[in-house]
Amino acid sequence: MKNKQIVDFVVQRNYALSHDFTRLLLQADCKLPEIVPGQFVQVQIPSSLYGWLRIPLSIHYADVSKSQIGLLVQKVGDGSRFIAGLKEGEKVNLVLPLGNGFSLPEKENSVSEKPLRVLLAGGGCGLAPLYFLGMKLKEKDIPFTFLVGAKNKERLVLTQELEKLADTGICTEDGSEGVKGLITAHPLWEQTDFSHVYTCGPTPMMKAVAQLAQKRGACCQVSLENKMACGLGTCLCCVTPTAGGHNTCVCTDGPVFDSRTLDWQ
C-alpha cells in the first residue's frame with residue numbers, strides 16, 4: 001500500500017452527462033498523493049449490492065493541490081448505479097491511487113523519429129483517463145488530438161469537454177454524428193502522422209487501434225479495462241497474457257501497457 005491512501009471524500013458535484021453516464025467531483029479534507037492519468041480508484045459500496053468488493057473506476061480528473069478528484073461513471077450494474085446516484089454532500093470511501101498510469105512523451109527525447117504529435121483514441125468510460133491525460137498534455141504544451149468513437153450519437157459523451165482541450169474527431173457506427181464507421185477508419189489517421197497513440201475503451205477497439213498505430217510506426221499505450229476485484233494484485237482475477245508467454249496483473253503492472261508487450265496477435 002506504499003503511496004496509497006484510504007480516504008473519505010465528500011461529493012461536491014454530481015451531474016448527468018446522459019442517461020447512462022454521470023460525472024462526480026469529489027473533495028477530500030487531507031493531502032492527496034501524486035496522481036497520474038491512467039491510475040484508478042477502488043470505490044466502497046454497500047455490501048448488499050456487491051458483496052464486500054469495491055468497484056474500480058479510472059480517475060477522470062485530479063487536482064492534488066485542491067485535494068479533488070473526478071470520476072466518470074457508467075451505470076451498468078447495481079454498484080455503478082449506487083455510485084452514480086450519490087448526492088452532493090454524501091461521503092464515499094476510496095482507495096487511491098492504484099496501478100501504473102500513462103507515460104507522457106518527452107518533447108526533446110521522443111522514442112519515435114517522427115515529429116511529436118499525439119492521438120488520444122477512445123470511447124465510453126475509456127474517455128475518463130484520456131481526458132485527464134489531455135489535461136496534462138495541454139499543460140506541457142504537447143500537441144494532441146482526440147478521436148472518439150461510439151455506436152451512435154446518443155452514446156457519445158464528453159465531446160464538448162474534449163473539444164475545449166483540443167481538436168476532436170468523432171466517429172459513429174451508424175453515421176448519426178461525425179464520420180460513419182469505426183474509429184480506425186477516421187480520416188485523421190491519414191491526415192496526421194501521429195508519433196504516439198494512447199487508447200482506452202472496449203478491447204476489440206483498442207486492439208484495432210494498436211494494430212493500426214504499429215502499422216503506421218507510432219508508439220501505442222493502451223489502458224486495459226479487465227475486471228478487477230482487489231485492485232492490489234492479490235486475487236489474480238485480472239491477469240492478462242503477455243507477448244512473452246507469461247501472465248501479468250493488470251491492476252498492479254497496468255492498467256496501462258505498451259501494446260507491444262501484450263499477446264494481441
Side-chain angles (χ1 to χ4, degrees), residues 4-33 35-99 101 120 122-136 138 146 148 150-165 168 200-201 223 225 227-228 231 255:
K4 308 295 186 289
Q5 294 183 0
I6 302 175
V7 180
D8 283 329
F9 285 81
V10 175
V11 179
Q12 279 205 327
R13 289 193 63 190
N14 179 330
Y15 44 106
L17 298 175
S18 68
H19 180 268
D20 296 321
F21 288 88
T22 295
R23 294 175 78 183
L24 297 177
L25 178 63
L26 307 178
Q27 178 71 52
D29 62 1
C30 62
K31 181 176 175 58
L32 299 178
I35 299 172
V36 299
Q39 291 184 303
F40 66 99
V41 302
Q42 291 278 94
V43 186
Q44 186 178 52
I45 61 173
S47 59
S48 59
L49 293 178
Y50 208 62
W52 296 102
L53 300 178
R54 292 172 178 256
I55 300 290
L57 291 175
S58 293
I59 297 172
H60 175 49
Y61 158 84
D63 187 338
V64 296
S65 68
K66 297 180 179 178
S67 297
Q68 291 180 339
I69 70 164
L71 300 177
L72 176 66
V73 187
Q74 183 178 11
K75 293 178 278 187
V76 294
D78 290 340
S80 56
R81 289 190 182 93
F82 169 81
I83 300 169
L86 288 168
K87 296 179 174 57
E88 294 178 6
E90 289 188 321
K91 288 186 178 181
V92 60
N93 184 270
L94 309 182
V95 180
L96 82 163
L98 297 170
L120 311 183
C125 274
L127 294 174
L130 296 181
Y131 174 82
F132 187 15
L133 177 58
M135 293 177 64
K136 294 299 183 182
K138 188 158 187 173
F146 285 112
V148 180
K151 288 186 178 297
N152 52 54
K153 64 180 181 180
E154 287 76 22
R155 301 289 291 273
L156 289 169
V157 292
L158 290 180
T159 52
Q160 293 183 348
E161 290 83 353
L162 301 180
E163 288 169 346
K164 292 177 182 177
L165 289 178
T168 302
C200 185
S223 180
E225 296 185 323
K227 290 185 177 180
M228 302 178 193

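Residue numbers start at 1 and run along the sequence shown.
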Once you round to the nearest 0.5 Å, how far does [atom1] of [X] lie from [atom2] of [Y]?
X	Y	atom1	atom2	result
R155	N152	CZ	CG	6.5 Å
I55	L71	CD1	CG	12.0 Å
Q12	L24	CD	CG	11.5 Å
E154	H19	CD	NE2	12.5 Å
L32	Q5	CG	CD	6.0 Å

Distance-only donor-acceptor pairs under 3.5 Å for side chains of residues 82-90, two or more places apart:
from	atom 1	to	atom 2	distance (Å)
E90	OE1	K87	N	2.8

Specify the closest pair of heavy atoms between [X] and [Y], including all atoms of both residues, with the distance to one decimal.
X	Y	result
F132	A62	CZ-CB, 3.6 Å
E225	G201	OE1-O, 3.3 Å
Q74	C125	CB-SG, 3.3 Å
V157	S18	CG1-OG, 4.1 Å
L130	F146	O-CE2, 3.6 Å
P129	C200	CG-SG, 3.9 Å

- [ ] Mind running side chain to side chain contact (heavy atoms under 4.5 Å, CB included) on L96 and Q39 for me, showing each step along the way?
- [x] CA-CA 8 Å; L96 82 163; Q39 291 184 303; over 6 Å; no
| query | Do the side chains of V36 and P97 get nearer than 4.5 Å, heavy atoms only? | reply |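 No, side chains not in contact.
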So, using side-chain contact (heavy atoms from CB on, under 4.5 Å) as the criterion, who are the partners of D63 when residues are at least two apart?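 side-chain contact (heavy atoms from CB on, under 4.5 Å) check on D63 returns Y61, S65, K66.
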Margin query: Just to verify, what does R23 make a side-chain contact (heavy atoms from CB on, under 4.5 Å) with, not counting sequence neighbours?
Written below: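 Listed in chain order: Y15, L17, H60, L72, Y131, L158, E161.
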- [ ] Please test V11 against L26 for side chain to side chain contact (heavy atoms under 4.5 Å, CB included), starting from the C-alpha separation and ending with a verdict.
- [x] CA-CA 5 Å; V11 179; L26 307 178; 3.7 Å; yes
**OP:** Could you check V41 against F9 for side chain to side chain contact (heavy atoms under 4.5 Å, CB included), going step by step and ending with a plain yes or no?
**Re:** CA-CA 12 Å; V41 302; F9 285 81; over 6 Å; no
- Item | Stepwise side chain to side chain contact (heavy atoms under 4.5 Å, CB included) test for N93 and R54 | CA-CA 10 Å; N93 184 270; R54 292 172 178 256; 2.7 Å; yes
